[in-house]
A.B. asks: 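Please read through the structure below; I'll follow up with questions.
In what follows, every heavy atom counts, from backbone to side chain, and hydrogens, waters and symmetry copies are set aside.
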Amino acid sequence: VSFTVKSSGGNATSPYAYGLMFEDINNSGDGGVYAELIQNRAFQGNPIFPKSTVYWHPIGSTTLALSNDSTPLSSALTSSLEVSGGNGSSVGMYNDGFWGFPAVASWEYKGSFWVKGNFNGNLSVTLQGNYSNSVYAEASVNVASKADAWTQYKYTFQPTHDAPNANNTLHFTWDAACASGPLNFNLLSLFPPTYKNRENGNRVDLMEAMDGLKPSFFRAPGGNNVEGLQPPYWWNWTNTLGPLEDRAGFPGTWGYENTDGLGLIEYMLWAQDLGMEPLLAVWSGLWLNGTSLTLEELQPYIQSALDELEFLMGDASTPWGAKREALGYGPFPIKFVEVGNEDSLSKGGPTYRAYRFKAFYDAISAAYPDITIIASFYDVDDTTGTPTYNASGDFHEYAIPQQMSSQFGYFDNYTSEHPILIGEYAVIEYDTFNKSGPEWYSGAPRALYPFWYGSVAEAIFLLGAERNSDKIIGSSYAPSFQNYNRWEWIPDLIQYDAYPGNTVLSTSYYMIQLLSNTRITENLPTTEATLGPAYWVAGRSDVTGSHILKAAVYNSTGSVPFDVNFEGVGAYANGKLTYLTAPMNASSTIGNNVVKTTTENVRADGQGKFCFSLPEYSVAVFEVTAE
Ligand code: AHR
């Protein structure tokens, strides 16, 4: 292909072109980014996910039982683990962790637990291997507790050596003679070092992985997880604040209880730590079982969304702002609010169009006229019969490669008046399917992990979005994470388990990283050339002063030669080409990153023309930096 990138005639692009979407799915919060290592630390539950002692096991013939306490640790944490009986010098219980524990010699771990019961002596906490019986780390905690009061104890330990895997458990043991009567335990917590050393913080390697994408917005909390499965459960932000003792937990929509350790403030700090603009999802009055609220019933929840915004942004003179200040945090400015999630896809669609969205929109825009309000599907203000709001929409695209790659021009005719969010997208199946038409369907086999030609297809879709980046706020792949041990949705951007060495950055991760790390601030048109099998977007960066071309080659018969001129770039200028390739069907797995990065210096000829080739199924960024 041969074309010239013009020096004018384009558009300023959105500063949020690439971001992150997060909801607790696939144990991406608990057992994922949230660094807590003990699973079922506080015996939380509800009629959907009943409380239990699961993930806890007796040591030394003790009996473990769930105790519904008459004097609970807190009004939120009302049940505890009762440990009774046992004899000998080593009785107690152990925890499985989130399918194991990492033992890393350079880490200092911080632990704590609450205990009630007559105990006087040392309680030992050990991190040990399941098969090797190796003790990696150990702490001895001097406990003097009483039968009628809860007391908290804290400890730290550091492994003496690394474990080769996460096949480790955390043991709490004592001499039976130290206790008289049963002991009750609650909120047993263990944290490794966290990103930026935040208390109650996030797992370092996963935060570093996200940071590698240089994301500029953070859509949270949802996805479906903001909605709740059925009345009365929804992602009620007020239950996620303050000390962990005050957080009762939430029956997540993906088959497991959420501890709510990862709460509203933690989301804001996460956004802050990675330099992302928060895009706050608020509950819209719809449950996943299809129940939606009447306009009258909706009012308290609209007020709750306003309270949430006051909590985040208000100063100390406001009731909710004062509560945030009391927790020790300054304001968290909010520029984007999304109302609900995929309200078009359920029985709640008609009520969303008829009154639910409008009710939230009117209330939020009256109180916060500068906030961009995003409807949870993208044509909400664009259909006959509904009023036109000054709102954005959220477009989700899950597709097969053939469909995704054909959508390069999808946004070409969209309006720039209400830029939309691509809040979720992913290639989720291979092209091989047995239904007519290029469309994914539920029931077809899903790809377990992102695979290369799917990632290239996503790149073409994203290049199309970047080309229209005056019409699009930005895009975020979904879901972001998958714990290998319990997942509900595949494929996902990043995989992991408790062993840090097992984290895998998928083929789509590297594709997004390449496109996101070089940002175009002004799109520029190119002279006519045939699109397909090569696709591209071109522009300039006001930040670096460079000229940029991003391209992808898909389904070609071989390498595609490019002859490119940039108006304003003279003879013999130097450019840097970076491109990614991988075997077409390949996915990255533990210890095997299939994506190869190639960089080449490309010098313009005497006419300022840059000549290079891109292989079949490749994604590239070419940058000519101002001399
Ligand atoms: O990303 C997984 C799910 O897909 C989200 O929760 C939902 O919004 C979509 O249907």
Side-chain angles (χ1 to χ4, degrees), residues 11-23 215-223 226-227 271 276-286 302 305-306 308-309 312-313 333-345 348-349 352-398 407 410-425 461-462 464-478 523:
N11 293 301
T13 65
S14 163
Y16 307 109
Y18 292 91
L20 287 178
M21 180 274 185
F22 181 82
E23 64 173 323
S216 16
F217 71 85
F218 184 53
R219 174 177 175 241
V226 75
E227 299 180 84
M276 305 183 289
E277 192 66 53
L279 196 155
L280 181 71
V282 298
W283 190 62
S284 67
L286 170 72
I302 294 171
L306 293 173
E308 186 173 4
L309 290 168
L312 291 171
M313 293 194 282
I334 299 294
K335 292 186 181 164
F336 298 98
V337 171
E338 179 164 358
V339 180
N341 177 65
E342 291 189 346
D343 286 72
S344 63
L345 286 188
Y352 193 75
R353 283 177 186 277
Y355 58 85
R356 285 191 294 116
F357 178 68
K358 182 178 186 315
F360 277 93
Y361 178 87
D362 288 347
I364 296 171
S365 59
Y368 300 98
D370 294 336
I371 286 183
T372 298
I373 301 171
I374 302 173
S376 71
F377 58 100
Y378 94 109
D379 62 343
V380 74
D381 63 345
D382 189 31
T383 50
T384 47
T386 52
T388 297
Y389 313 116
N390 188 19
S392 292
D394 181 358
F395 176 74
H396 293 179
E397 182 61 302
Y398 294 103
Q407 296 189 149
Y410 195 82
F411 302 104
D412 287 359
N413 299 319
Y414 189 66
T415 169
S416 57
E417 265 175 58
H418 307 294
I420 57 165
L421 175 75
I422 304 173
E424 299 179 24
Y425 71 87
F461 176 68
L462 294 176
E466 274 209 54
R467 210 163 62 128
N468 289 295
S469 159
D470 55 327
K471 303 165 187 166
I472 290 169
I473 298 169
S475 63
S476 44
Y477 185 103
N523 283 328

A.B. asks: Identify the two heavy atoms, one from Asp394 and one from Ile422, that lie closest to each other, and give their separation to 0.1 Å.
C.D. replies: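 That would be OD1-C, 4.1 Å.
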
A.B. asks: Taking the side chain from Arg356 and the backbone from Gly348, do they hold a donor-acceptor pair closer than 3.5 Å?
C.D. replies: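 Yes, Arg356 side chain to Gly348 backbone: donor-acceptor pair under 3.5 Å.
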
A.B. asks: Looking only at non-hydrogen atoms, find the nearest pair between Ala281 and Pro221 and report the distance.
C.D. replies: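 Nearest heavy atoms, Ala281 then Pro221: O-CD, 3.5 Å.
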
A.B. asks: In Å, rounded to the nearest 0.5 Å, how long is the span from CD of Glu397 to CD of Gln407?
C.D. replies: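 Reported value, rounded in 0.5 Å steps: 4.5 Å.
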
A.B. asks: For the pair Tyr361 and Phe357, name the ring-plane relationship: parallel under 30°, tilted 30 to 60°, perpendicular over 60°.
C.D. replies: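 Tilted: the ring planes of Tyr361 and Phe357 meet at 30° to 60°.
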
A.B. asks: Which pair of non-hydrogen atoms, one from Phe218 and one from Ala271, has the smallest distance, and what is that distance?
C.D. replies: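 For Phe218 versus Ala271, the nearest heavy atoms are CD2-CB, 4.0 Å.
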
A.B. asks: Where do Tyr410 and Asn468 land on the side-chain contact (heavy atoms from CB on, under 4.5 Å) test, with the steps shown first?
C.D. replies: CA-CA 9 Å; Tyr410 195 82; Asn468 289 295; over 6 Å; no

A.B. asks: Please report whether the ring centroid of Phe411 lies less than 6.0 Å from that of Phe461.
C.D. replies: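 Ring centres of Phe411 and Phe461 closer than 6.0 Å.
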
A.B. asks: Could you measure the distance from the CE atom of Met276 to the CZ atom of Phe22? Nearest 0.5 Å is fine.
C.D. replies: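 If I round to the nearest 0.5 Å, the distance is 10.5 Å.
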
A.B. asks: Determine yes or no for a side-chain-to-main-chain donor-acceptor pair under 3.5 angstrom, with Ser469 supplying the side chain and Ser14 the backbone.
C.D. replies: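 Side chain of Ser469 to backbone of Ser14: a pair is present.
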
A.B. asks: side-chain contact (heavy atoms from CB on, under 4.5 Å), that's the test. Do Ser392 and Leu421 meet it? Break it down for me.
C.D. replies: CA-CA 7 Å; Ser392 292; Leu421 175 75; over 6 Å; no

A.B. asks: Please check if any side-chain donor atom of Glu466 sits under 3.5 Å from a side-chain acceptor atom of Tyr18, or the reverse.
C.D. replies: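 Result is yes, a qualifying pair exists.
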
A.B. asks: Which heavy atom of Tyr352 sits nearest to which heavy atom of Ser376, and what is that distance?
C.D. replies: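 Between these two residues, the closest heavy atoms are OH-N, 2.8 Å.
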
A.B. asks: For a quick test of reading the model, state the closest non-hydrogen atom pair linking Glu417 to Thr415 and the distance between them.
C.D. replies: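 In this case the closest contact between Glu417 and Thr415 is N-OG1, 2.8 Å.
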
A.B. asks: Name the one of Ile371, Ile374, Leu309 that satisfies side-chain contact (heavy atoms from CB on, under 4.5 Å) with Leu280?
C.D. replies: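 Going through the options one by one, the only one that passes is Leu309.
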
A.B. asks: Does the plane of the ring in Tyr425 sit parallel, tilted or perpendicular to the ring in Tyr477? Use 30° and 60° as the thresholds.
C.D. replies: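 Because their plane-to-plane angle is over 60°, the rings of Tyr425 and Tyr477 count as perpendicular.
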
A.B. asks: Before giving the answer on side-chain contact (heavy atoms from CB on, under 4.5 Å), spell out for Leu286 and Glu227 the whole-Å C-alpha distance, their side-chain angles and the decisive distance to 0.1 Å.
C.D. replies: CA-CA 6 Å; Leu286 170 72; Glu227 299 180 84; 3.7 Å; yes

A.B. asks: Salt bridge check, Arg467 against Asp412: does any charged N sit closer than 4.0 Å to a carboxylate O?
C.D. replies: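 Here Asp412 pairs with Arg467 in a salt bridge, since their nearest N and O are under 4.0 Å apart.
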
A.B. asks: Walk me through it: do Asn11 and Ser416 pass the test side-chain contact (heavy atoms from CB on, under 4.5 Å)?
C.D. replies: CA-CA 10 Å; Asn11 293 301; Ser416 57; over 6 Å; no

A.B. asks: Taking Phe336's backbone N and O only, do any of them form a donor-acceptor pair with Thr372's side chain (distance below 3.5 Å, no angle check)?
C.D. replies: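 Answer holds: no.
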
A.B. asks: Can you tell me how far the CD atom of Glu424 sits from the CZ atom of Arg219, to the nearest 0.5 Å?
C.D. replies: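 Interatomic distance, Glu424 CD to Arg219 CZ, rounded to 0.5 Å: 4.5 Å.
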
A.B. asks: Do you know which two heavy atoms are closest between Trp283 and Phe360, and how far apart they sit?
C.D. replies: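 Heavy atoms only, the tightest pair is O-CZ, 3.1 Å.
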
